[in-house]
Amino acid sequence: MGVMSAQKTISMEELVSLCKRRGFIYPASEIYGGLNGFWDYGPLGTELKNNIRDAWWHDMVRCPPMGPDGEPVSIVGLDSSIIQNPRVWEASGHVGGFNDPMVDCRESKSRYRADHLLCLGVNGDTQGQIYTFVENDDESLASARKKLEKYIKRKLEDEEVDVSPFTSLSADEIAITVGPDVKTVGTLTEPRQFNLMFKTFVGALQDEESAAYLRPETAQGIFLNFNNVVDTMRVKVPFGIAQVGKAFRNEVTPRNFIFRSREFEQMEIEWFCHESDSAKWFEFWCETRRKWWESMGLTSDNVQMRSHDSDELAHYAKEGCGTFDVEYRFPFTSPGYGELEGVAHRGNFDLTRHQEFSKKKLEYFDQQRNERYAPHVIEPSAGLSRGTLAILCEAFTPDEERASKVFMKFQPRVAPIKAAVFPLVNKDGMPEVASKLHQELRKRWPVQFDAKQSIGKRYARMDEAGCPWCFTIDSDSLNDQSVTIRDRDTLSQDRIGIDKVEGWLAERLV
RNA sequence: GCGGGUGUAGCUCAAUGGUAGAGCGUCAGCCUUCCAAGCUGAAUGUUGACGGUUCGAGUCCGUUCACCCGCUCCA
């Protein structure tokens, strides 16, 4: 539940219900009780998501905007594989930093790296309580020692104190252990492996030698193919490589419908440029990407740019440059905002790392500058799944006045169904004329034909599906070859000739 | 991961421990000349799953799964 803006209030429950009822999004594996963090796109959701993806591809790859100096920008596409050599993830920093066993404290809600926790006990005593502290943290050590001394009711000499690694404790011992930030015993969990990457095996033999990962981001596939693209596509820095595809993360807490799911889709551009131009391009891409989301129908009221604080910067983020997020005010974040896209300045971190790990040169020779260098990278990384959700939220328009009580106000460009053709009544030659028009229109767009039930129900159904226009054949149509255009948003009706319908639609659908 | 809540037809929801229902939607037929109209009829459920208590469980208990809310987390 949440307030979207001053104008409208929408509840996620209603949206989720409509998404299922109208075939946008279903819970994944539903007949088996579902699976936490996974969702399936139904027929309309698939069309919607594809339309957003195609719009992005068109607007970024085929017809990108002019660059900051008035020159056209150049972007080429790519579709790299989801499973890559596991060394990729060592180079990218995804393995290692996030691969450690973690210990949670049920009491203080803190989370510790198991190998950073040490235990304090009395020498030779294997019965008493064990007190943990954080490695290299004098305060934490002092606190543990104080608690231990209080427990045994006397001061300890330094040589009486026994320090051992937390990772050597048995489950029984953990049960009599006191966490660093609490006074009660047994609040720590056993060490658990947290790895946000999905592990799998390549080949039929499932040993560690064949372990691999499903990509947690599409970006790395672009860096891996940097040389290939430079060598084969006649691109010159600055240029971009774009990719749309699935990525997988074992999120700790999947939540909020498809906002944080474990399988999701990204639309990423890696923009390669000279370091000295990177600030200019960073600004350009922040602005370009914000405008693009607004062009997709997200109102500027609900979209904002936010700079990352220094403590939340990713490991790859260039120092001093940071990351800007394009954020959308989702119902479940309102009045706050949730991330839709991150525009990051990655410096030349990735190319340099892959060069180091692969021992292959990943450099570019800039003839104009007469300089060889690893280009710096600006990365506009957008969530396609999140964008789809934002557009669903934005389109959801309650309207007590109309029969459906709600309609989906999609921009025609992303609407899953572009138009519907109805005979006003299912007789007197009307179905035949309507069907003929439908047959023609569907060659160019997703257009539906419906002759069932009353005209009001058909309009209502199309309102919930977010179909912008309905063309209705009535008895007049049979005489004067005209049809009624019913507009979803205004409910207005206009007449035009049947032979004009295709052109009329073409003017409104790019 | 923690705490709280909710799971019954496609959707929204009823049902004292005692025969699983309604509205809407869907489908079929009739009807219908512009906004879920009307009439007739139909389909649809291992009551999220598994186990227990009971003569008998949608209802009580346990476990588990999923979703929602709040923390936590989020390269």
Side-chain angles (χ1 to χ4, degrees), chain A residues 1-2 11-14 16-23 26-39 42 89 92-99 102-111 187-190 192 194-197 216-217 219-220 247 249-257 259-260 262 308 312-317 323 332 338-339 342 344 346 349-350 381 399 401-407 422-428 430 451-464 470-478 483-488 491-493 495:
Chain A
M1 300 288 253
S11 87
M12 280 308 285
E13 278 173 49
E14 283 175 62
V16 171
S17 165
L18 181 140
C19 279
K20 175 154 190 203
R21 193 168 70 243
R22 287 299 164 196
Y26 312 124
S29 332
E30 193 184 10
I31 61 172
Y32 286 99
L35 187 60
N36 192 342
F38 295 88
W39 299 88
W89 308 111
S92 70
H94 288 84
V95 177
F98 240 79
N99 211 3
M102 305 293 280
V103 175
D104 285 316
C105 177
R106 298 186 189 96
E107 180 78 20
S108 72
K109 312 294 185 198
S110 312
R111 175 167 291 166
T187 62
L188 294 181
T189 63
E190 288 187 51
R192 286 170 295 193
F194 276 76
N195 191 340
L196 268 59
M197 283 197 292
E217 62 176 25
Q220 297 304 324
R249 293 182 193 176
N250 257 320
E251 295 289 355
V252 178
T253 316
R255 198 67 77 88
N256 289 326
F257 203 27
F259 180 78
R260 178 169 294 125
R262 291 184 163 137
H308 273 208
E312 56 181 332
L313 282 180
H315 63 272
Y316 52 72
T323 298
F332 47 82
E339 181 184 343
R346 296 180 80 125
F349 174 87
D350 301 276
S381 170
D399 182 359
E401 298 298 305
R402 65 179 77 200
S404 57
K405 304 295 182 202
V406 61
F407 68 107
F422 303 148
L424 183 58
V425 291
N426 200 15
K427 60 176 187 184
D428 299 340
M430 294 178 214
K452 292 292 165 65
Q453 300 165 315
S454 69
I455 189 74
K457 287 195 183 194
R458 287 177 259 159
Y459 286 148
R461 264 199 291 269
M462 285 302 144
D463 277 350
E464 281 199 334
C470 298
F471 298 96
T472 301
I473 310 294
D474 57 22
S475 53
D476 289 342
S477 307
L478 307 172
V483 297
T484 303
I485 305 169
R486 184 262 195 185
D487 185 277
R488 178 195 64 199
L491 304 181
S492 67
Q493 302 201 355
R495 283 194 92 82

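Naming convention: chains lettered A, B, ... in sequence-line order (proteins, then strands); numbering from 1 in each chain.
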Open item on the list: What is the distance, to the nearest angstrom, from the CG atom on A/Asn36 to the C1' atom on B/C68?
Closed with: 12 Å
Task: Partners passing side-chain contact (heavy atoms from CB on, under 4.5 Å) against A/Arg21 (at least two apart in sequence or in another chain) - done: A/Ser17, A/Leu18, A/Glu464
Task: Atom pair CE (A/Met197) and CG (A/Asn250), whose distance is rounded to the nearest 0.5 Å - done: 10.5 Å
Open item on the list: How many whole angstroms separate atom CZ of A/Arg260 from atom P of B/C71?
Closed with: 13 Å
Open item on the list: When the P atoms of B/C35 and B/U47 are compared, how many Å lie between them, rounded to an integer?
Closed with: 43 Å
Task: Touch class at under 4.0 angstrom, heavy-atom based, for A/Gly37 against every strand present - done: sugar-phosphate
Task: Student check: side-chain heavy atoms of A/Asp476 and A/Arg495 closer than 4.5 Å - done: yes
Open item on the list: So, does A/Asn256 get its side chain near the phosphate of B/C69, meaning an N or O under 4.0 Å from OP1 or OP2?
Closed with: yes
Task: Span that lies between the C1' atom of B/U44 and that of B/A9, in whole angstrom - done: 6 Å
Open item on the list: Please give the distance between the C1' atoms of B/C67 and B/G48 as a whole number of Å.
Closed with: 11 Å
Task: P atoms of B/C65 and B/C50, separation to the nearest Å - done: 15 Å
Task: Considering all heavy atoms, the nearest A/Phe259-A/Glu339 contact - done: CE1-O, 3.6 Å
Task: Protein-nucleotide distance (A/Glu14, atom CD; B/C68, atom C1'), rounded to Å - done: 14 Å
Task: Separation of B/A28 P from A/Asn426 CG (nearest whole Å) - done: 11 Å
- [ ] Send over the distance from A/Tyr26 OH to B/C67 P, rounded to a whole Å.
- [x] 18 Å
Open item on the list: Within the 4.5 Å heavy-atom criterion, are A/Arg402 and A/Asp463 side-chain neighbours or not?
Closed with: yes
TODO: Could you measure between the two C1' atoms, the one in B/A66 and the one in B/C55, and give it in whole Å?
DONE: 34 Å
TODO: Please state the C1' separation for the pair B/G17 and B/C31 - nearest whole angstrom.
DONE: 48 Å
TODO: Determine yes or no for a side-chain-to-main-chain donor-acceptor pair under 3.5 angstrom, with A/Arg262 supplying the side chain and A/Phe38 the backbone.
DONE: no
Open item on the list: Mind checking if A/Arg249 touches a base, just sugar-phosphate, or nothing, with heavy atoms under 4.0 Å?
Closed with: nothing
- [ ] Using the test side-chain hydrogen bond (donor to acceptor under 3.5 Å, both in side chains), find all partners of A/Arg260 that sit at least two apart in sequence or belong to another chain.
- [x] none
Open item on the list: If you define the side chain from C-beta out and look only at heavy atoms, does anything of A/Gln493 sit under 4.5 Å from A/Cys470?
Closed with: no
Task: Atom-to-atom span, CZ of A/Arg255 to P of B/G70 - whole angstrom - done: 8 Å
TODO: Write down the distance between CE (A/Met12) and P (B/G70), rounded to a whole number of angstrom.
DONE: 12 Å
Task: B/G4 versus B/C61 - spacing of their P atoms, nearest Å - done: 15 Å
- [ ] Could you pull out the closest heavy-atom pair between A/Ala460 and A/Ala403, with the gap in Å?
- [x] CB-CB, 4.3 Å
Task: Letter per nucleotide, 5' to 3', of nucleotides 34-52 of chain B [B base touched, S only sugar-phosphate touched, - untouched; heavy atoms, 4.0 Å] - done: BBBB---------------
- [ ] Figure out the CZ/P separation between A/Phe257 and B/A66, and round it to whole Å.
- [x] 17 Å
TODO: Please state the P separation for the pair B/C27 and B/A37 - nearest whole angstrom.
DONE: 13 Å
- [ ] Could you list the residues that satisfy side-chain contact (heavy atoms from CB on, under 4.5 Å) with A/Thr472, not counting sequence neighbours?
- [x] A/Phe422, A/Leu424, A/Ile455, A/Tyr459, A/Thr484
TODO: Just jot down the side-chain contact (heavy atoms from CB on, under 4.5 Å) partners of A/Pro27, sequence neighbours excluded, or say none.
DONE: A/Lys20, A/Glu30, A/Trp39
Open item on the list: Please compare A/Glu30 and A/Leu35 by the position of their nearest nucleotide in RNA chain B and report the one closer to 5'.
Closed with: A/Glu30
Task: 5' precedence on RNA chain B between A/Lys452 and A/Asp428 (nearest-nucleotide basis) - done: A/Lys452
TODO: Fill in the dot-bracket string of RNA chain B, one character per base: . for unpaired, | for a pair to another strand, ( ) or [ ] for pairs within the strand, taking Watson-Crick or G-U pairs under 3.5 Å.
DONE: (((((((..((((....[..)))).(((((.......))))).....(((((..]....))))))))))))....
